Number of protein chains: 2
Amino acid sequence: MSEQDNSSLAFERLREMLCEMPQTGDVKLPTERALAEALRISRRSVRRALEVLEAEGLVWRRQGAGTFAGPRPDTLIDTPAPEANLTEVMEVRLRIEPHLAQLAALRAGAESVERMRDILSRLEVTEDADGRELWDSAFHREIARAAGNRFFLMIFDTIDRSRHEESWRAIREQARNRPNLERYKGQHHEIVEAIAAHDPVRAGEAMRAHIKAVNDGVLNLTMMEQPADAP
Amino acid sequence: MSEQDNSSLAFERLREMLCEMPQTGDVKLPTERALAEALRISRRSVRRALEVLEAEGLVWRRQGAGTFAGPRPDTLIDTPAPEANLTEVMEVRLRIEPHLAQLAALRAGAESVERMRDILSRLEVTEDADGRELWDSAFHREIARAAGNRFFLMIFDTIDRSRHEESWRAIREQARNRPNLERYKGQHHEIVEAIAAHDPVRAGEAMRAHIKAVNDGVLNLTMMEQPADAP
DNA sequence: ACGGATTTGTCCGTATGTATC
DNA sequence: TGATACATACGGACAAATCCG
């Protein structure tokens, strides 16, 4: 009973603290360092407790901002993704986006191709991980737009939303190692060239290869996280 | 669990906002600082999202003036216009449902196949139009379920909802009144057989042929309605 | 024609959580 | 456990461009 775990102590104290707080959103908690000092325990223990509280939905945290009480403020999500599994999303992308590239090759106008190239050039000079994610998404969406089918565009947006939710970890980790980034860059240009040349077969195949590469990259990464696995 | 990057959040919210705006040009958006405060995020995140939207051609900005909604060539749709969508929906079905059949052939269990056969038997003894419509939809949805991918199922439901559009029902039912019904019946059984045999290639091809036949049936019908349209 | 007010464009410092040792 | 390096988010400050009286 004496020295079980400081995390549980922090957990009780923090929970108590939360109950006394006003229920209005946007209540900022003290920083982790301050809490650790106030409770006379290590910051690691505070973090463990906060992780549990976050999972319970009592608090939410954002890097660079702080820890806040209450549910997340931006719950605009209209249940787009149940429990988005990464493999499921990739399977859908692998089977749909090649069709979008094919249709885009048949129907894309010069201004669409121009926008694609512009987006790619911006993607390549972006160092920020968040920004890269945004530009990459914009590129794929531009292709979906160029496909000229509003239903396909709607479907793409459904996938894209889930992709952003799922990207929370894997893509950012993946951004760390640059070799893949170069390969993706080449694949992107290959796709645009095929579309510009109105070559649906090549466009579809290029898109398929690209998504397959991304899929493999993410898969390898998640496998690396689990120990004892050599290529 | 669903807290994505702030930029992506701003991106979705802004695009949604743009779609709800009147189509008239010269619509000035709130200032970046106002948007940042309204969305409860930093101005930097707003700016990243606006950059992408500008590259997509949805908005245009001028320093000192503000951000304006640009021309909107394609709008996200919630209420599709009937006529033009028919070909669009058919195009989507033709390119997606074969994949569903393939996956179903790989993953369908015995009970799924059992349900498909049961649904088909009920479809074949149904005389009224509403009933046939319902059973046919149920058959295709059972295949989507058997594909074992929740996203694909979600996407299928999106398509299926449009398919049930009131204005199309008459057309589809007329297309089914013909001897086409017999052909569709055979194609349905061919699909189920291929799935039961775990033959993805045959299943995909059978589904493709089926949807192509339905598509042709509808197309022929709509052309018959408009007599003698000459180039 | 002029000047103040407003808005976008740009940069940097600070604060915070995250990851690693 | 404690300490350090790192990525990210935020806000302020200033310049450039524009608008309005």
Side-chain angles (χ1 to χ4, degrees), chain A residues 3-10 14 26-55 58-69 72-74 122 125-135 164 167-178 181 221-222 224-225 227, chain B residues 1 3-11 13-14 26-55 58-70:
Chain A
E3 173 69 25
Q4 180 194 346
D5 193 356
N6 284 338
S7 304
S8 54
L9 170 63
L14 283 174
D26 302 346
V27 176
K28 191 171 182 302
L29 270 67
T31 70
E32 294 179 351
R33 291 174 176 85
L35 284 174
E37 189 174 358
L39 298 178
R40 305 283 196 162
I41 56 180
S42 78
R43 193 174 151 218
R44 172 87 185 127
S45 302
V46 174
R47 283 185 57 72
R48 270 200 292 252
L50 285 178
E51 284 173 24
V52 179
L53 288 171
E54 186 180 26
L58 294 177
V59 303
W60 61 279
R61 301 182 287 177
R62 208 163 44 200
Q63 182 172 299
T67 305
F68 304 86
R72 305 187 111 90
D74 58 323
R122 293 169 189 272
V125 299
T126 302
E127 289 302 319
D128 190 59
D130 186 10
R132 271 199 298 264
E133 185 65 20
L134 222 55
W135 286 115
H164 280 300
S167 71
W168 93 115
R169 215 58 146 187
I171 297 299
R172 193 149 37 180
E173 298 287 337
Q174 185 187 359
R176 297 260 167 84
N177 48 357
R178 295 294 177 77
L181 225 55
L221 199 81
T222 53
M224 296 283 275
E225 287 175 355
Chain B
M1 191 64 98
E3 172 70 21
Q4 53 214 12
D5 302 300
N6 282 341
S7 309
S8 304
L9 170 67
F11 190 64
R13 297 287 297 262
L14 285 175
D26 300 347
V27 176
K28 190 172 183 304
L29 271 68
T31 70
E32 294 176 353
R33 288 178 174 83
L35 285 174
E37 188 175 359
L39 299 178
R40 303 290 209 153
I41 57 182
S42 74
R43 191 179 152 215
R44 164 121 185 107
S45 300
V46 174
R47 284 186 56 73
R48 272 198 293 235
L50 286 177
E51 284 173 31
V52 179
L53 288 172
E54 187 179 25
L58 294 179
V59 303
W60 59 278
R61 301 184 285 177
R62 253 190 13 237
Q63 183 175 161
T67 307
F68 304 86

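In what follows, chains carry the letters A, B, and so on, assigned in the order in which the sequence lines appear, proteins first and then strands, with residues in each chain numbered from 1. What you see below is based on every heavy atom in this structure, not just the backbone, and it leaves out hydrogens, waters and symmetry mates. Because the structure is predicted, anything quoted here is derived from the model rather than measured.
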So does A/R122 pair up with B/E51, basic N to acidic O under 4.0 Å?
-> no
Does OP1 or OP2 of D/dA9 have a side-chain N or O of B/S45 closer than 4.0 Å?
-> no
Atom pair CD (B/E37) and OG1 (B/T31), whose distance is rounded to the nearest 0.5 Å = 9.0 Å
Go along nucleotides 11-17 of chain C 5' to 3' and tag each nucleotide: B for a protein heavy atom under 4.0 Å from its base, S when only backbone or sugar atoms are that close, - otherwise.
-> -----BB
Rounded to the nearest 0.5 Å, the CD atom of A/E32 sits from the OG atom of A/S45 at a distance of 11.5 Å
Between CZ of B/R48 and P of C/dT8 the distance, given in whole Å, is 17 Å
Roughly, in whole Å, what's the span from CG in A/L134 to C1' in D/dA9?
-> 15 Å
Figure out the CZ/C1' separation between A/R40 and D/dT1, and round it to whole Å.
-> 17 Å
Which whole-number value in Å describes the distance from A/D128 CG to D/dC10 P?
-> 12 Å
Mind checking the CG-CG spacing from A/L134 to B/L53? Nearest 0.5 Å is all I need.
-> 8.5 Å
Backbone N/O of A/E127 and side chain of A/R132: donor-acceptor pair under 3.5 Å = yes
Any strand, both distances under 3.5 Å, Watson-Crick or G-U wobble: C/dA1 pairs with none
Within a reach of under 6.0 Å around CZ of B/R44, are more than 12 heavy atoms found that belong to other residues, nucleotides or ligands?
-> no
